[in-house]
Amino acid sequence: MNIPYYQVDAFTGSLFSGNPAGVCILADWLPDALLQSIAAENNLAETAFVVQRDSFFDLRWFTPVLEMDLCGHATLAPAHVLFRHLGFRGSAVRFQTRSGVLTVARDGELLTLDFPARPAAACDAPPELVAGLGATPSTTAKARDYLAVFESEESVRSLQPNMAALMRLDCLGVIATAPGEECDFVSRFFAPRAGVPEDPVTGSAHCTLIPYWAGRLARAKLRARQVSPRGGELFCEHRGERVGIGGRAVTYLSGFLDVA
């Protein structure tokens with residue numbers, strides 16, 4: 001079985017930065033165990049699997065160890081493949097996912113995700129969070145992930161997380177964020193329970209980050225950077241119950257997977 005396969009760097013305009021995602025184009029769904037094995041073999045933060053339907057595309061996301069309910073960079077990446085390599089001519093592509101219908105609109109090289117907002121509720125910082133980050137945030141909140149807010153970009157950049165401690169938290173991941181020096185806000189994202197110790201650029205985390213920073217800065221449109229070692233740039237918009245997450249993407253490789 002030959003599966004068309006692409007590897008795309010998302011939320012960047014240049015190779016070897018942003019967040020790499022695998023994109024598999026399927027004629028129909030394969031067994032879940034095989035999808036999980038392919039994602040584990042790829043060993044990227046996410047592998048996206050796409051099946052074309054009449055007017056939309058089915059989309060699923062797998063880390064090396066589990067299936068995700070929402071992923072930003074591995075939605076941007078298949079949209080890039082459809083627009084750039086597979087001749088999709090519409091101005092927006094629709095994906096049916098575990099999080100409902102998600103659209104990706106094209107404006108030149110900029111692709112913008114329309115995702116559900118996930119505002120976080122204020123909470124106390126659990127001891128495992130402080131131990132895991134090695135620092136005490138000024139503000140803590142929780143949605144799917146813990147949101148740990150710090151006072152400076154340097155505080156976020158200098159974090160050296162203890163992944164074993166973060167594994168004990170009752171959440172998928174931890175978002176560390178602060179005001180940016182050359183943008184509105186910066187972040188890093190740690191998800192060892194999902195098999196991703198540090199994610200290079202995390203679209204789904206911005207479903208929580210955008211409502212927080214839009215409220216704090218009293219502006220709907222924001223520019224963000226994820227300050228992981230690879231780094232990435234995001235153009236954000238608060239849309240009430242939805243958020244817009246914009247970015248660019250670059251293809252690193254294309255070919256076929258030989259799956260018996």
Does CG belonging to Asp124 count more than 12 external heavy atoms closer than 6.0 Å?
no
ask   = Is it true that a side-chain atom of Gln36 and a backbone atom of Thr63 form a donor plus acceptor pair closer than 3.5 Å?
value = yes
Are Arg242 and Pro116 close enough that some pair of their side-chain heavy atoms sits under 4.5 Å apart?
yes
Value for SG (Cys183) from CD (Glu233), rounded to nearest 0.5 Å, stands at 8.5 Å
Taking Glu109's backbone N and O only, do any of them form a donor-acceptor pair with Arg248's side chain (distance below 3.5 Å, no angle check)? no
With the 4.5 Å side-chain cut-off for hydrophobic clustering, are Leu234 and Leu111 part of the same group? yes
**Item:** Verdict with supporting geometry, Arg225 and Glu182, side chain to side chain contact (heavy atoms under 4.5 Å, CB included)
**Value:** CA-CA 9 Å; Arg225 287 200 61 83; Glu182 298 181 354; over 6 Å; no
For residues 98-152, the ring-ring contact (aromatic ring centres under 6.0 Å, His included) pairs (sequence neighbours left out) are none
Check: Just checking, any donor-acceptor pair under 3.5 angstrom between side chains of Arg94 and Ser55?
Finding: yes
Heavy atoms of Pro211 and Val243 approach each other most closely as CD-CG1, 4.2 Å
Nearest heavy-atom contact between Ser14 and Ser17 is O-OG, 3.0 Å
**Report entry** Residue pair Val8 / Val250, side-chain heavy-atom distance below 4.5 Å
**Finding:** no
Donor-acceptor contact below 3.5 Å, side chain Arg188 vs main chain Val156: yes
Distance col, row Phe190:CZ vs Cys171:SG, nearest 0.5 angstrom, shows 12.0 Å
- Between Arg193 and Gly173, is there a donor-acceptor pair closer than 3.5 Å when you use the side chain of the first and the backbone of the second? no
For salt bridge (charged side-chain N to carboxylate O under 4.0 Å, His left out), just list the numbers for Asp69 and Arg60, CA-CA rounded to whole Å, side-chain angles, deciding distance to a tenth of an Å, and then say yes or no. CA-CA 8 Å; Asp69 67 332; Arg60 296 171 70 184; over 6 Å; no
Original post:
Just by modelled atom types, is the Ala74 backbone N or O under 3.5 Å from a matching donor or acceptor in the Glu46 side chain?
Top reply: no
Checklist entry - Judged by atom type as modelled, is there a donor-acceptor pair below 3.5 Å linking the side chain of Ser228 to the main-chain atoms of Pro200? => result yes
inquiry  = With side chain to side chain contact (heavy atoms under 4.5 Å, CB included) as the criterion, how do Phe62 and Ile38 come out once you've worked through the C-alpha distance, each side chain's angles and the decisive distance to 0.1 Å?
reply    = CA-CA 9 Å; Phe62 286 78; Ile38 291 171; over 6 Å; no
**Report entry** Exam field: side chain Thr177 to backbone Val186, donor-acceptor pair closer than 3.5 Å
**Finding:** yes
Will you find, in the side chains of Ser254 and His85, an N or O donor that is under 3.5 Å from an N or O acceptor? no
Between Phe11 and Gly247, the two heavy atoms sitting closest are CD2-CA, 3.8 Å
Value for CG (Leu82) from CD1 (Ile25), rounded to nearest 0.5 Å, stands at 5.5 Å
Is Glu67 salt-bridged to Arg98, cutoff N-O under 4.0 Å? yes
State yes or no: do Val174 and Val196 share one hydrophobic cluster built from I, L, V, M, F, W and Y residues joined by side-chain heavy-atom distances below 4.5 Å, directly or via other members? no
Is any side-chain heavy atom of Val81 less than 4.5 Å from a side-chain heavy atom of Leu86?
yes
Rounded to the nearest 0.5 angstrom, the CG-CD distance for Leu133 and Glu128 is 11.5 Å
Practice item. Verify whether one side chain among Thr12 and Arg230 offers a donor that lies under 3.5 Å from an acceptor in the other. Key: no
Rounded to the nearest 0.5 angstrom, the SG-CG distance for Cys123 and Leu129 is 8.0 Å
Does the side chain of Phe49 reach to within under 4.5 Å of the side chain of Val51, using non-hydrogen atoms? no
- [ ] Anything under 30° is parallel, anything over 60° is perpendicular, the rest tilted; go ahead and classify Trp213 against Phe185.
- [x] parallel
Cluster check Ile175, Val130: I/L/V/M/F/W/Y, side chain < 4.5 angstrom: no
Inset, instruction - Report yes or no: do Met68 and Val201 belong to one cluster of Ile/Leu/Val/Met/Phe/Trp/Tyr joined by side chain heavy-atom distances under 4.5 Å? - result: yes
Side-chain heavy atoms of Phe235 within contact of Thr112, under 4.5 Å: no
Quick check against the 3.5 Å criterion: does Asp184 have a side-chain atom that pairs as donor or acceptor with the backbone of Ala224?
no
Exercise for review: Determine, step by step, whether Asp145 and Arg118 satisfy the salt bridge (charged side-chain N to carboxylate O under 4.0 Å, His left out) criterion, reporting the C-alpha distance in whole Å, the side-chain angles of both residues, the deciding distance to 0.1 Å, and the verdict.
Suggested key: CA-CA 10 Å; Asp145 312 302; Arg118 286 179 167 174; 5.8 Å; no
Taking atom types as modelled, find out whether Thr75 and Trp61 have a side-chain donor-acceptor pair closer than 3.5 angstrom.
yes
Notebook entry, point to check: Hey, quick one: are Leu70 and Leu44 part of the same hydrophobic cluster, counting side-chain heavy atoms closer than 4.5 Å, chains of contacts allowed?
Noted result: no
Heavy-atom nearest pair, Pro78 first then Val50, reads CB-CG2, 3.7 Å
All heavy atoms of Ile3 vs all of Cys24, minimum pair found to be CG2-CB, 3.9 Å
Any donor-acceptor pair under 3.5 Å linking the side chain of Gln7 with the backbone of Asn42? no
Side chains of Glu198 and Pro161 in contact at under 4.5 Å (non-hydrogen atoms): no
Between His73 and the options Asn19, Asp9, Thr202, the side-chain hydrogen bond (donor to acceptor under 3.5 Å, both in side chains) test singles out Asn19
Please report the C-alpha distance between Leu113 and Leu102 in whole Å, then the side-chain angles of each, then the deciding distance to 0.1 Å, and finally whether the side chain to side chain contact (heavy atoms under 4.5 Å, CB included) criterion is met. CA-CA 7 Å; Leu113 314 173; Leu102 305 175; over 6 Å; no
* Heavy atoms from other residues, nucleotides or ligands near OH of Tyr252 exceed 12 (cutoff 6.0 Å) -> no
dist Glu181:CD -> Ser152:OG (nearest 0.5 Å) comes out at 7.5 Å
Please list, one pair per line, the donor and acceptor atoms closer than 3.5 Å that link side chains of residues 134-143 to other protein atoms, with sequence neighbours excluded.
from: Ser138; atom 1: OG; to: Val149; atom 2: O; distance (Å): 2.9
from: Ser138; atom 1: OG; to: Glu151; atom 2: OE2; distance (Å): 2.9
from: Lys142; atom 1: NZ; to: Asp170; atom 2: O; distance (Å): 2.9
from: Lys142; atom 1: NZ; to: Asp170; atom 2: OD1; distance (Å): 3.4
from: Lys142; atom 1: NZ; to: Asp170; atom 2: OD2; distance (Å): 3.0

Full working for side chain to side chain contact (heavy atoms under 4.5 Å, CB included) between Ser204 and Arg144: CA-CA 10 Å; Ser204 63; Arg144 179 194 72 177; 2.9 Å; yes
Nearest heavy-atom contact between Ile210 and Gly244 is CD1-O, 3.7 Å
Exceeds 12 heavy-atom contacts within 6.0 angstrom, atom CZ of Arg84: no
